[in-house]
Amino acid sequence: MKFNTVFCVAGAILLNTAGCLGQFDVCGRAPLNTKIIGGQNTTAGSWPWQASIHSVSYGGYFCSGTLINKEWVLSAADCFTPINVSDIVVYLGRLTQNGSNPHETSRTVIKIIKHPKHNSLDRKLALLKLSSPVTFTDYIKPVCLAAAGSVFVDGTESWVTGWGTINTEEFKFPDILQEVKTPVVNNFECDIAYGGIITSNLICAGFLNEGGKAPCAGDAGSPLVSRQGSKWIQSGIAVHSIGCGLPSYPTVYIRVSEYQDWISYYTNSSMPGFVPFPLILSVGDEGSVNLLPFSFALAFSIIPLIFLHFF
């Protein structure tokens, strides 16, 4: 009886972990991404989860988003207030807003789901359900999402991408998707900069002593991602900034890991890949180094304790 109990508990831990990983074998892979510096044009396929969200009525791009599985895009809630679902077209595999995009596909949207408390800064996220599933290619892939409990420490190397304005004086929008490397700023320093509005549901990234490298108008919904091994993991959704990269004002993002349950509730028919950050290093046979998600490491550290308790 005790023996069965042990394996029921251990099995529950591992099953829960597997469920969190979702599309672990699919998400976050960008084989065409070779970037090592930021603040420049991207190339085709560098960020295959990037979504360009357009309005039929307004005639063009107005927000960014992230493909998280075959039929759902994650973005910022403010982009869709007010706007009719029938007015939205999502482009995937797009590099340029005006030139040729041979690897592109598009979908209309059949449903917009905003967080029920989206009027609060730290809950401004939304899900878009596409009219039909997309086919994954090297140019169109879902990103991995940071799993609950993920920790992005101060200085974690991250990237943000979007088509928002690159010139605040002329309000000029770029033709080609832009990228910039931006480190995570701890919430304590970010909260001081913004006068006490930064909660644990938010994550900040930017440069405290350098300006001009940050999302700007038109970049709402843009993804903040970090690389872990061969995978890219989304930690944040751009929702707020002051002065488009003014020194001392990091960009504010929704902390994706805090909304795993909410996202999973609506996308459970095709669960996104939730991946813990960081991974734990372990030494394997013949000195090889393996990477284990923190939740797996936790599970296997608990199991021996369970055995000791029951035996």
Side-chain angles (χ1 to χ4, degrees), residues 24 27-43 45-50 64 66-68 74 141-162 164 166 177-191 193 198 200-216 219 221-241 244-258 273-281 289-294 297:
F24 183 79
C27 71
R29 298 188 183 277
L32 303 180
N33 187 315
T34 59
K35 301 302 180 187
I36 57 173
I37 58 174
Q40 60 187 20
N41 293 343
T42 68
T43 56
S46 292
W47 311 103
W49 41 82
Q50 181 79 35
S64 283
T66 318
L67 186 69
I68 60 173
L74 182 64
K141 287 185 185 294
V143 73
C144 296
L145 298 179
S150 292
V151 178
F152 295 85
V153 299
D154 192 21
T156 298
E157 183 178 291
S158 305
W159 295 77
V160 60
T161 50
I166 55 175
L177 179 65
Q178 299 293 295
E179 61 180 16
V180 66
K181 188 193 294 187
T182 178
V184 169
V185 175
N186 69 72
N187 275 28
F188 178 76
E189 287 187 276
C190 191
D191 195 44
I198 306 302
S200 60
N201 292 337
L202 298 170
I203 183 172
C204 301
F207 299 89
L208 293 174
N209 301 310
E210 180 182 356
K213 293 184 178 181
C216 198
D219 280 320
S222 290
L224 181 70
V225 299
S226 294
R227 188 167 188 168
Q228 182 165 251
S230 62
K231 290 181 175 291
W232 290 89
I233 300 172
Q234 183 175 358
S235 59
I237 306 163
V239 291
H240 182 63
S241 68
C244 297
L246 282 178
S248 302
Y249 289 101
T251 302
V252 180
Y253 302 80
I254 298 293
R255 189 179 291 268
V256 171
S257 60
E258 294 297 313
F274 287 97
V275 177
F277 190 99
L279 294 177
I280 305 300
L281 284 173
V289 178
N290 302 316
L291 291 170
L292 287 174
F294 176 77

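Just so we're clear, the structure is a prediction, and the values are computed from it rather than from any experiment.
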CA sep, side-chain torsions, deciding dist, call: H240, L202, side chain to side chain contact (heavy atoms under 4.5 Å, CB included)
CA-CA 10 Å; H240 182 63; L202 298 170; over 6 Å; no
Kindly assign one of parallel, tilted or perpendicular to the pair W232 and W49, based on the angle between their ring planes and the thresholds 30° and 60°.
tilted
How many angstroms lie between atom CD of E179 and atom CG of N41, to the nearest 0.5 angstrom?
8.5 Å
Could you grab the distance from atom CG of L224 to atom CD1 of I254, nearest 0.5 Å is fine?
12.0 Å
Flag if over 12 foreign heavy atoms under 6.0 Å of CZ, F207
yes
If the plane angle is over 60° it's perpendicular, under 30° parallel, otherwise tilted; pick one for F277 and F152.
parallel
Backbone N or O of S64 within a donor-acceptor pair of the D219 side chain at under 3.5 Å?
no
Flag, side chain of T251 to backbone of A214, donor-acceptor distance under 3.5 Å
no
Measuring only between side-chain heavy atoms, which start at C-beta, is P250 closer than 4.5 Å to L208?
yes
One thing to verify: whether E157 and K181 come together as a salt bridge, which I'm taking to mean a side-chain N less than 4.0 angstrom from a carboxylate O.
yes
Hey, what do you get for CG (N186) to CD1 (I203), rounding to the nearest 0.5 Å?
10.5 Å
Distance-only, no hydrogens or angles: does the T182 side chain make a donor-acceptor pair with backbone N or O of S158 under 3.5 Å?
no
Going by heavy atoms in the side chains, are P223 and Q50 under 4.5 Å from each other?
yes
Does Q234 reach the side chain of V225, with side-chain heavy atoms less than 4.5 Å apart?
yes
